[in-house]
Amino acid sequence: MNVRKAVIPVAGKGTRFLPASKAIPKEMLTIVDRPTIQYIVEEVVASGIEEIVFVTSQGKSAIENHFDYDFELDTILRQKGKDALCEEINHISNLIDITTVRQKKPLGLGHAIWTTRNVIGDEPFLVLLGDDLVLSKVPCCQQMLTLHQELDAPIVAIQRVSPEETNQYGIVEGTQLREGVYQIDRMVEKPAPGTTDSDLAIIGRYLLTPEIFAMLEKTTPGHGGEIQLTDALLALAKQRPMYAYEFSGTRFDAGDKLGYLKAIVAYALRHPVVCKEFKKHIKEVCADF
Ligand code: UTP
């Protein structure tokens with residue numbers, strides 16, 4: 001079955017990014033010239049998806065406004081002869097349908113996804129975390145859609161991490177089928193040091209099937225008192241084959257201060273307008289340290 005919809009949960013409180021994220025959603029913080037969330041929506045659009053479902057919460061209306069048509073701004077820009085800028089701003093909202101679902105309490109990523117069950121219905125769908133950026137030649141979602149056409153099963157995107165970092169991620173233990181593709185045997189959310197030999201960490205891209213909603217319904221609060229998507233995925237993996245995919249590209253956790261700074265540098269070094277001067281500046285700064 002074709003994948004037509006993508007869920008982007010943005011209802012979290014962003015405590016790792018306080019105080020910046022107190023009044024401004026962390027997903028709206030700027031990377032060069034656009035907010036983090038716009039890069040994620042652009043990845044979805046570039047992968048050929050037709051509809052995005054945002055899971056939002058109180059204080060996140062700036063995200064919805066960013067993708068809405070602003071008649072007043074449109075008029076002002078056109079009066080000033082800034083038609084190209086106007087077209088650029090309207091471009092994304094014209095390309096994709098956006099629906100919003102409200103998560104009333106931040107009960108975890110698993111709960112956020114569960115709130116979309118009536119909008120998603122009985123079809124496979126993508127999930128992209130609103131603060132996880134992937135820089136790649138082929139959009140990460142598109143890579144996953146290609147694999148899904150072959151496997152017709154749920155897929156989680158993974159990257160290798162160092163042993164010191166495994167306790168920050170959902171970790172997959174699996175059987176390698178071929179380079180970059182694993183059948184999942186076990187999954188554990190943020191394992192205590194020394195409790196897993198695997199270095200395969202789940203990142204913020206998932207391709208899920210609607211069976212996940214029944215699993216989430218039964219999932220009790222796990223790590224951090226939240227309803228964990230990883231726990232529901234593990235329950236599902238016991239019932240049917242599920243796969244982990246080592247995507248090609250670089251992932252940045254833009255919900256974390258250091259990850260956000262790394263993302264800014266990576267995107268600025270590839271930006272057509274600022275890259276040259278920025279590279280020069282970085283070299284000068286590094287020479288001084
Ligand atoms: P994170 O744990 O990275 O986000 O969740 P957070 O809770 O906003 O951030 P910190 O840890 O307090 O700094 C991953 C994704 O899941 C969403 C977040 O918005 C983020 O995109 N999320 C998390 C929800 O939508 N609802 C939740 O209850 C929790």
Side-chain angles (χ1 to χ4, degrees), residues 5-29 31 35-44 52-64 66-67 98-117 119-120 125-134 140-141 156-159 161 165-171 187 189-190 201-208 212-213 216-217 219-233 251-263:
K5 298 176 184 174
V7 171
I8 308 184
V10 292
K13 288 288 175 206
T15 55
R16 286 172 297 154
F17 230 130
L18 284 169
S21 54
K22 187 172 175 228
I24 299 165
K26 63 177 171 179
E27 297 83 2
M28 287 302 293
L29 297 177
I31 301 215
T36 301
I37 192 72
Q38 187 171 333
Y39 290 95
I40 292 167
V41 168
E42 283 172 357
E43 179 184 330
V44 171
I52 287 176
V53 182
F54 279 135
V55 182
T56 66
S57 59
Q58 207 177 19
K60 300 278 180 162
S61 54
I63 297 175
E64 290 158 72
H66 182 72
F67 293 100
I98 293 181
T99 306
T100 303
V101 170
R102 191 89 161 186
Q103 186 190 21
K104 295 185 185 103
K105 284 185 189 167
L107 297 178
L109 174 60
H111 179 259
I113 291 172
W114 180 77
T115 62
T116 68
R117 65 203 178 284
V119 184
I120 296 296
F125 61 103
L126 283 158
V127 173
L128 297 90
L129 300 193
D131 54 0
D132 240 27
L133 288 168
V134 178
C140 183
C141 280
V156 298
I158 50 165
Q159 68 176 11
V161 294
E165 289 175 308
T166 51
N167 63 357
Q168 297 165 29
Y169 293 88
I171 297 293
M187 260 180 283
E189 183 64 25
K190 302 190 171 89
I202 303 174
I203 66 127
R205 298 288 181 275
Y206 307 79
L207 201 159
L208 302 178
I212 195 68
F213 294 121
L216 286 167
E217 186 104 39
T219 305
T220 48
H223 188 91
E226 296 188 338
I227 298 185
Q228 296 291 348
L229 176 60
T230 315
D231 293 341
L233 287 171
R251 172 256 183 185
F252 299 94
D253 179 1
D256 163 79
K257 288 166 192 132
L258 185 60
Y260 175 73
L261 290 174
K262 287 180 183 174

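Order of appearance sets the numbers: ligands from 1, and atoms from 1 within every ligand.
- Separation of the Tyr39 and Phe252 ring centroids does not fall under the 6.0 Å cut-off.
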I'd like the atom pairs linking ligand 1 to the protein - N or O on both sides, separation under 3.5 Å - with distances to 0.1 Å.
residue, atom, partner, partner atom, Å
ligand 1, 3 (O), Arg16, NH2, 2.8
ligand 1, 3 (O), Asp131, OD2, 3.2
ligand 1, 4 (O), Lys26, NZ, 3.0
ligand 1, 8 (O), Lys13, N, 3.2
ligand 1, 8 (O), Gly14, N, 2.9
ligand 1, 8 (O), Lys26, NZ, 3.0
ligand 1, 9 (O), Lys26, NZ, 3.2
ligand 1, 11 (O), Arg16, NE, 3.2
ligand 1, 12 (O), Thr15, N, 2.8
ligand 1, 12 (O), Thr15, OG1, 2.5
ligand 1, 13 (O), Thr15, N, 3.0
ligand 1, 13 (O), Arg16, N, 2.7
ligand 1, 13 (O), Arg16, NE, 3.0
ligand 1, 19 (O), Ala11, N, 3.4
ligand 1, 19 (O), Gly12, N, 2.9
ligand 1, 21 (O), Pro9, O, 2.9
ligand 1, 21 (O), Gly130, N, 3.3
ligand 1, 25 (O), Ala11, N, 3.0
ligand 1, 26 (N), Gln103, OE1, 2.7
ligand 1, 28 (O), Gln103, OE1, 3.3
ligand 1, 28 (O), Gln103, NE2, 3.3
ligand 1, 28 (O), Leu107, N, 3.4
ligand 1, 28 (O), Gly108, N, 2.8
ligand 1, 28 (O), Gly108, O, 3.4

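- Residues that satisfy the side chain to side chain contact (heavy atoms under 4.5 Å, CB included) test with Asn167, not counting sequence neighbours, are Pro193.
- Judged as a ring-ring contact (aromatic ring centres under 6.0 Å, His included), and not counting sequence neighbours, the contacts of His111 are Trp114.
- The six-membered or imidazole ring of Tyr206 lies away from that of Phe125, with a centre-to-centre distance of 6.0 Å or more.
- Evaluation of the salt bridge (Lys or Arg N to Asp or Glu O under 4.0 Å) test over residues 108-117, restricted to residues two or more places apart or in two chains, returns none.
- Residues Val134 and Ile203 meet the side-chain proximity criterion, which asks for heavy atoms closer than 4.5 Å.
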